Protein chains: 2
Amino acid sequence: MTTADTNSWTGIRAELLRRIHSRVWQPGEQIPHEADLAEEFGCARTTVNRALRDLAESGLVVRKRRAGTRVALNPPQRATLTIPIIREEVEALGKTYRHSLLERDFRPLPPMLHGAFQVTLGADVLFLKTLHFADDRPFAFEERYINLDAAPGARDMTFEDVSANEWLVHSAPYSHGDLSFFAVNADERMSRKLDAAPGTALFSMERITWSGALPITHVRLVYAPGYRMRTEI
Amino acid sequence: MTTADTNSWTGIRAELLRRIHSRVWQPGEQIPHEADLAEEFGCARTTVNRALRDLAESGLVVRKRRAGTRVALNPPQRATLTIPIIREEVEALGKTYRHSLLERDFRPLPPMLHGAFQVTLGADVLFLKTLHFADDRPFAFEERYINLDAAPGARDMTFEDVSANEWLVHSAPYSHGDLSFFAVNADERMSRKLDAAPGTALFSMERITWSGALPITHVRLVYAPGYRMRTEI
DNA sequence: CACGTTAATATGTGCATGCATATTATCTTA
DNA sequence: TAAGATAATATGCATGCACATATTAACGTG
């Protein structure tokens with residue numbers, strides 16, 4: 001017995017994990033049910049339930065009513081990645097953050113976004129182009145559209161002091177959003193802004209957030225060369 | 001009252017969410033404690049706890065003993081992204097998956113990986129180079145090192161029928177791993193394999209998995225042009 | 001034998017309660 | 001008054017219990 005610490009729910013989870021990793025319970029195999037495990041560990045079923053629920057959340061086991069719990073066949077690599085506000089990301093690197101607003105105007109939504117980002121027909125959106133710096137070196141380039149129906153206050157903001165990102169999280173919190181990551185080649189313009197050779201592969205992120213059915217903002221971020229997004233699983 | 005459905009924990013979570021989104025409770029503000037909320041909703045404290053715990057997990061509120069619960073100031077965008085096995089990813093697109101093994105040999109670990117991937121001194125690792133196809137078009141290019149101490153069975157596998165990825169999840173489950181995403185330019189070789197013009201920006205992922213302290217495998221995946229990794233928040 | 005009904009069962013969830021633990025505020029005491 | 005001991009308090013967790021719900025197996029019935 002590795003004698004899982006105490007019989008706290010985390011201790012029980014640890015022991016269950018050990019059995020899965022050491023292949024005592026093989027992938028696809030059904031494991032004893034909650035009541036039996038509770039008896040074995042000498043704890044309440046609720047406690048076993050808590051442990052199993054946690055394992056199910058991380059995808060390691062699959063649970064079905066009546067059918068029981070079984071070890072996942074193809075445990076999906078489920079990673080939670082935390083996308084911080086750029087200022088915090090830069091400061092976490094021990095560097096000084098600053099940003100500069102390159103453009104700010106009201107314009108119709110570009111047709112490219114009509115599908116994913118539906119604003120009132122014919123209404124202008126606020127367009128912002130920002131460059132983020134870490135220790136005076138370009139860190140990321142940002143193009144953003146803000147739906148003024150969702151964040152009317154944005155109309156009067158210059159966004160020179162506080163970044164749109166930070167202002168929005170406080171003023172127009174989103175309920176959900178779509179996120180995608182991809183690679184782009186630096187074009188002429190990006191190359192100048194980000195201090196990268198033309199054609200350099202750049203890591204890029206696109207994000208749309210909504211408050212209910214109302215779209216709030218569309219952002220496209222292009223990071224300077226060498227950027228890596230990291231996480232643990 | 002939007003009268004959150006029932007007073008199930010999800011219903012209560014929904015109501016709490018509504019108050020946060022509608023700014024009844026402002027960012028940084030302390031919210032009533034569990035006991036009060038339980039009384040208000042006419043449910044047990046446990047149930048409120050469940051709802052609050054869930055909100056804390058997704059980063060929307062911050063909880064501290066004695067100090068109480070407060071709405072997060074900078075709710076981090078926390079996204080859970082599921083990284084599927086490539087075969088499943090391809091098949092989910094409605095395409096036919098196949099892969100071809102380009103290289104397979106035993107070699108010393110390249111010095112570049114000595115830091116992050118520590119195998120027995122001087123021991124060879126299994127090196128695999130694989131190309132993944134979707135409908136006979138290149139989908140992703142994979143370079144993998146397998147620590148034979150962690151997965152001795154790999155020595156006798158050809159990996160022509162089952163991919164190393166799938167074999168490993170079943171034969172040498174990992175306990176944790178590091179994951180990173182970035183962009184690379186297609187070099188001459190990659191350009192040929194992935195059917196991309198030289199220099200094209202390609203989305204790439206690097207992953208190391210361990211079983212406890214024992215490293216299992218190091219993978220580098222480079223996706224064909226146009227690949228996007230998506231998720232929701 | 002096919003098919004729909006019913007019962008059995010494992011997980012999901014809620015409740016009341018008690019104790020544990022971290023953190024803050026307050027009260028002593030030198 | 002400053003520093004340390006102590007109490008108060010909010011969340012964290014474990015327990016025992018009851019009932020809900022999904023799913024499977026068994027059972028009838030035509």
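Order of the sequence lines sets the chain letters (A, B, ...), proteins ahead of strands, with each chain counted from 1. Everything numeric here is computed off the predicted structure, so don't read it as measured data.
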Practice prompt. Could you check whether the rings of A:Phe203 and A:Tyr223 sit parallel, tilted or perpendicular, using 30° and 60° as the cut-offs?
Written response: tilted
Fill in: Interatomic distance where CZ belongs to B:Phe41 and P belongs to C:dG14 [whole Å]
13 Å
Item to complete: Would you kindly give the CZ-to-C1' distance between A:Arg13 and D:dG12, to the nearest whole Å?
Response: 14 Å
Discussion item. Around atom CD of A:Gln26, are there more than 12 heavy atoms from other residues, nucleotides or ligands closer than 6.0 Å?
Written reply: yes
Would you tabulate the pairs of protein nitrogen or oxygen atoms and nucleotide nitrogen or oxygen atoms of nucleotides 6-9 of chain D closer than 3.5 angstrom?
unit_1: D:dT9; atom_1: O4'; unit_2: B:Arg66; atom_2: NH1; d: 2.6

Worksheet item: B:Trp9 has a side chain; which of C:dG14, C:dT11, D:dT11 sits nearest to it?
Response: C:dG14
Discussion item. What I want to find out is whether A:Asp136 reaches A:Arg98 closely enough, with some N-O distance under 4.0 Å, to be called a salt bridge.
Written reply: yes
Worksheet entry | B:Arg53, CZ atom: more than 12 neighbouring heavy atoms under 6.0 Å | yes
Item to complete: With the side chain counted from C-beta on, respond yes when B:Met157 and B:Val162 share a heavy-atom pair under 4.5 Å apart, and no when they do not.
Response: yes
Worksheet entry | Aromatic plane relationship, B:Phe139 with B:Tyr227 - under 30° parallel, 30 to 60° tilted, over 60° perpendicular | perpendicular
Discussion item. Tell me if the CD atom of A:Glu91 is crowded by more than 12 foreign heavy atoms within 6.0 Å.
Written reply: yes
Item to complete: Verify the contact: side-chain N or O of A:Thr69 to OP1 or OP2 of C:dT11, cut-off strictly under 4.0 Å; return yes or no.
Response: yes
Worksheet item: Hey, which of these two, A:Ala44 or B:Lys64, hits DNA chain D nearer its 5' end, going by closest nucleotide?
Response: B:Lys64
Response to the item:
Sorted by position of nearest nucleotide on DNA chain D, 5' first, the leading residue of B:Thr46 and B:Pro32 is B:Pro32
Worksheet entry | All ring-ring contact (aromatic ring centres under 6.0 Å, His included) counterparts of B:Tyr145, not counting sequence neighbours | B:Phe127
Worksheet item: Does C:dC15 have OP1 or OP2 sitting under 4.0 Å from an N or O in the side chain of B:Thr47?
Response: yes
Practice prompt. Could you state the atom-to-atom distance from CD of B:Glu34 to P of C:dC15 in whole Å?
Written response: 13 Å
Response to the item:
Whole-Å distance, A:Ile31 CD1 to C:dT11 C1', equals 12 Å
Pick out the pairs of N or O atoms, protein on one side and nucleotides 4-7 of chain C on the other, that lie under 3.5 Å.
none

Item to complete: Return the value, rounded to whole Å, for the distance between atom CZ of B:Arg63 and atom P of C:dT21.
Response: 18 Å
Worksheet item: Does any residue of residues 48-60 of chain A have a heavy atom under 4.0 Å from DNA chain C, and if so, which ones, in number order?
Response: A:Asn49
Practice prompt. Sorted by first residue and then second, give each salt bridge (Lys or Arg N to Asp or Glu O under 4.0 Å) pair with at least one member in residues 58-68 of chain B; sequence neighbours left out.
Written response: B:Glu34-B:Arg63
Item to complete: Hey, can you tell me if B:His99 and B:His132 have their rings parallel, tilted or perpendicular (30° and 60° cut-offs)?
Response: tilted
Worksheet item: Which nucleotide in the set C:dT21, C:dT13, D:dC13 lies at the smallest distance from any side-chain heavy atom of B:Arg65?
Response: C:dT21
Worksheet item: Stepwise, does the side-chain hydrogen bond (donor to acceptor under 3.5 Å, both in side chains) test hold for A:Thr217 with A:Arg144?
Response: CA-CA 7 Å; A:Thr217 188; A:Arg144 180 187 291 267; 3.2 Å; yes
Worksheet item: Rounded to whole angstroms, how far apart are CZ on B:Arg70 and C1' on D:dT11?
Response: 14 Å
Practice prompt. Taking ring-ring contact (aromatic ring centres under 6.0 Å, His included) as the test, write out the residues that go with A:Phe182, two or more places apart.
Written response: none
